[in-house]
Amino acid sequence: MVGSTGRVTGTVGEGLVGEVMIHVAARQGTEAFLAHPAFPGERLAVGTRVVVVEYQPPRTVYVAPV
């Protein structure tokens, strides 16, 4: 999961729980995950391409812009 890329579909930012769509190769599809910014104070707008830097099962990721 770490290192996977995707796109923001719900604004990710401090104090917000955003959403990203990430391709999951193991399940051969794209899935939605709850997302938090990897770096404090960062805000990622809808459409931003991101990379997963931390994964917390079952559906939470910390992301940074690509």
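All values below come from the heavy atoms of this structure, side chains included, with hydrogens, waters and symmetry mates left out. Here the structure is a predicted model, which means the values were calculated and not measured.
The environment of R43 atom CZ is sparse: at most 12 non-hydrogen atoms of other residues, nucleotides or ligands sit within 6.0 angstrom.
Nearest heavy-atom pair across M21 and T9 is CG-CG2, 3.4 Å. The two residues F33 and P58 have their closest heavy-atom pair at CE2-O, 4.1 Å. In this structure, V12 and P37 approach most closely via the heavy-atom pair CG1-N, 3.4 Å. In this structure, V20 and A35 approach most closely via the heavy-atom pair CG1-CB, 3.8 Å. Across all their heavy atoms, V51 and V66 have their closest contact at N-CG2, 3.8 Å. Pairing each heavy atom of A38 with each of P40, the nearest pair is O-CD, 4.1 Å.
Between the side chain of R59 and the main chain of A32, a donor-acceptor pair closer than 3.5 Å is present. Checking side-chain atoms of T60 against main-chain N and O of L34 turns up no donor-acceptor pair under 3.5 Å.
Under the 4.5 Å side-chain heavy-atom criterion for ILVMFWY residues, no single connected hydrophobic cluster contains both L44 and Y62.
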### Message
Could you go through V17 and H36, starting from their C-alpha distance and side-chain angles, then the distance that decides it, and tell me whether this counts as side-chain contact (heavy atoms from CB on, under 4.5 Å)?
### Response
CA-CA 6 Å; V17 178; H36 298 280; 3.7 Å; yes
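M1 is not listed as a side-chain neighbour of P57, based on a closest heavy-atom distance of 4.5 Å or more. Using a 4.5 Å cut-off on side-chain heavy atoms (C-beta onward), S4 and V24 make no contact.
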